[in-house]
There are 2 protein chains.
Amino acid sequence: MVEEATVKRSARVTRQRILDAATLRFSQHSYDETTLRDIATDVGVDVALVHRAFGSKEELFEQAVKSTIDGDFQQAAQAADPGLAMTSHFVQSRLSPASGRADPLNILVHSLNSHRANPILRELVQQDFIQPLAARLPEGELGAALAIACLAGVALLRDVLGIAALRMADDEEIRPIVAKLMRACLGPTAEPDAHGVRPPQ
Amino acid sequence: MVEEATVKRSARVTRQRILDAATLRFSQHSYDETTLRDIATDVGVDVALVHRAFGSKEELFEQAVKSTIDGDFQQAAQAADPGLAMTSHFVQSRLSPASGRADPLNILVHSLNSHRANPILRELVQQDFIQPLAARLPEGELGAALAIACLAGVALLRDVLGIAALRMADDEEIRPIVAKLMRACLGPTAEPDAHGVRPPQ
DNA sequence: CAGCATCGGTCAACGTTCGTTGATCTCGAT
DNA sequence: ATCGAGATCAACGAACGTTGACCGATGCTG
């Protein structure tokens, strides 16, 4: 109330509010089920404005995806032990808080099978998930892709399908298994610890 | 021309042809992208007939899902070493042949985020994937759910997203890693073999 | 063999929803 | 007061699942 009076009609601000609303919607619903009219209602503007602000629904979706990419995951991928860092990042950022928050993985698992969203999400996974992870691996992209596949699969069954066993499970119950999954995919980069366990093959 | 004279108009046969065409479509495309008109064209009948033969699109989808459930997976889940059996079943039935064949996992990963298909697929995963697997596990449903999540994730990134690293990979390159994933989720139920490896926790 | 009821199948259309677009209004700075 | 940009309004065109009315062959009945 003290600051900015009535917010001044600003395309810049409105565009951002639309993008935020769209990002949240796309993190909770699929591309096909998310309507420009829904987003417009959230923001409190007309449908036409939502459309014109980004040119097309597809463009809006792409911008929404990009807006959720922060450095957190890339940092985790380049940690000393990527598997462990990614596990922590995964468990802390997805399981503990509400699962509906704006997040690239949430958007990914909610719109995987819309053919409009497909190429955009493929590039997201390739560029922002697999590549930063594969850069530090001897196995190349295969291990990285499999690691991402595991995380995406868990998120899918938990948040999209709503499998009870995954919704109810405690974070610390899932963490060690996810850690094992990451290790299986990324290789035992670090942690040649006290056990000295080597995989059979 | 010599064989079967115009096949005699039979609802039984036509219904089966519709179901087969629908099953194949649903194994390659999402619920939303699959049109009753597409299925009708495949079979060579009218749209109305496709609809009336099953009452609704949703019912047709449910029947298509059920028609793909064979005993193969359940057999694998109840093998001496479920992880190993499931790995073989997964690698052989999905990676080697064309990925577009009629298969419950294919249907699952293609229609996960349609809210119409969602409850049907949730029940499929719960009843036909998780439960037969969890019945033999000390960890209960959690381990089974995570194992299914891994397989679904790999299938998703490979066949729906089309991640190159997974499409190009040789079967025998993926198999050992998938085997490790299964072992991480299901625990070393069998195979207390020469290695005697115990998980750290 | 003729008539008829029935079932498999088609045809045309409805009602809804969606992304999209052109014309129009309205606020705000100059 | 004016002009442009922000925002709205109304509508289009396409696509979908769904429905009621209508054909045509099949097979039973007399």
Side-chain angles (χ1 to χ4, degrees), chain A residues 3-23 25-26 28-65 110-111 113-120, chain B residues 4-23 25-26 29-65 110-111 113-120:
Chain A
E3 35 189 357
E4 33 186 1
T6 68
V7 200
K8 275 181 51 181
R9 277 180 147 202
S10 158
R12 169 77 179 71
V13 171
T14 305
R15 192 185 144 100
Q16 186 60 45
R17 291 179 56 209
I18 292 174
L19 184 59
D20 289 343
T23 303
R25 282 260 173 202
F26 284 133
Q28 298 170 337
H29 310 282
S30 76
Y31 178 90
D32 293 319
E33 287 166 357
T34 300
T35 299
L36 295 191
R37 287 174 169 82
D38 290 338
I39 301 175
T41 301
D42 288 347
V43 181
V45 296
D46 192 85
V47 199
L49 184 58
V50 174
H51 179 263
R52 293 203 129 99
F54 289 87
S56 72
K57 185 185 182 181
E58 216 165 328
E59 189 70 28
L60 172 57
F61 179 77
E62 187 165 1
Q63 295 302 323
V65 169
H110 274 97
S111 295
N113 56 25
S114 168
H115 77 283
R116 292 280 168 77
N118 201 280
I120 298 173
Chain B
E4 33 185 1
T6 66
V7 201
K8 273 181 53 182
R9 306 212 318 182
S10 158
R12 166 78 178 71
V13 172
T14 305
R15 191 185 145 99
Q16 186 61 43
R17 292 180 56 211
I18 292 174
L19 184 59
D20 289 343
T23 304
R25 282 262 172 200
F26 284 134
H29 309 283
S30 77
Y31 179 90
D32 294 318
E33 287 165 17
T34 300
T35 298
L36 295 190
R37 286 173 170 85
D38 289 337
I39 301 174
T41 302
D42 290 346
V43 182
V45 296
D46 192 84
V47 202
L49 184 58
V50 174
H51 179 264
R52 292 205 131 98
F54 289 87
S56 73
K57 185 184 183 183
E58 217 166 326
E59 189 69 27
L60 172 57
F61 179 77
E62 188 165 0
Q63 295 302 322
V65 169
H110 275 97
S111 295
N113 57 25
S114 169
H115 77 283
R116 291 281 168 78
N118 201 280
I120 298 172

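In what follows, chains carry the letters A, B, and so on, assigned in the order in which the sequence lines appear, proteins first and then strands, with residues in each chain numbered from 1.
Closest to the side chain of A/Ala11, out of C/dA23, C/dT20, D/dG6, is D/dG6. Distances were taken from every side-chain heavy atom of B/Arg37 (C-beta onward) to each of D/dG17, C/dC11, C/dT20; the shortest belongs to D/dG17. You'll find that the side chain of A/Arg9 is closest to D/dA7, out of C/dT10, D/dG17, D/dA7. Of the candidate nucleotides D/dT18, D/dT8, C/dT20, C/dT20 has the atom nearest to the side chain of A/Val47.
Classified by interplanar angle (parallel below 30°, tilted 30° to 60°, perpendicular above 60°), the ring pair A/Tyr31/A/Phe61 is perpendicular.
The two residues A/Ala117 and A/Ser111 come nearest to each other via the heavy atoms CB-O, 3.7 Å. B/Glu33 approaches B/Asp38 most closely through the heavy-atom pair O-OD2, 3.9 Å. For the residue pair B/Ile39 and B/Arg25, the shortest heavy atom distance occurs at CG1-CG, 4.2 Å. Contact between B/Val43 and B/Arg17 at its shortest, heavy atoms only, is O-NH2, 2.9 Å.
Rounded to whole Å, the distance from CD1 on A/Ile18 to C1' on D/dA7 is 10 Å. For the pair A/Arg17 CZ and D/dA7 C1', the computed distance is 12 Å after rounding to whole Å. Rounded to an integer number of Å, the gap from NE2 of A/His29 to C1' of C/dC18 is 17 Å. What separates CZ of A/Arg116 from C1' of D/dA15 is a distance of 11 Å, to the nearest Å. Between B/Lys57 atom NZ and D/dT18 atom P the separation is 8 Å, expressed in whole Å. Counting to the nearest Å, the C1' atom of C/dT20 and the CD1 atom of A/Ile39 are 15 Å from each other. D/dA7 atom P lies 13 Å from atom CZ of A/Arg12, rounded to whole Å. Taking atom CG of residue B/Leu49 and atom P of nucleotide C/dA12, one finds them 16 Å apart after rounding to whole Å.
The base of C/dG22 sits with one of its N or O atoms less than 3.5 Å from a complementary donor or acceptor on the side chain of A/Arg52.
For the pair A/His51 and C/dT20, the criterion of a side-chain N or O lying under 4.0 Å from OP1 or OP2 is met. An OP1 or OP2 oxygen of C/dG9 is reached within less than 4.0 angstrom by a side-chain nitrogen or oxygen of B/Thr14.
Residue B/Arg15 is the one, among A/Glu33 and B/Arg15, whose nearest nucleotide of DNA chain C lies closer to the 5' end (criterion: closest heavy atom). Each of B/Tyr31 and A/Val45 was assigned the nucleotide of DNA chain D with the nearest heavy atom; the assignment lying further toward the 5' end belongs to A/Val45.
Counting non-hydrogen atoms under 4.0 angstrom, A/Ala48 reaches a base of the nucleic acid.
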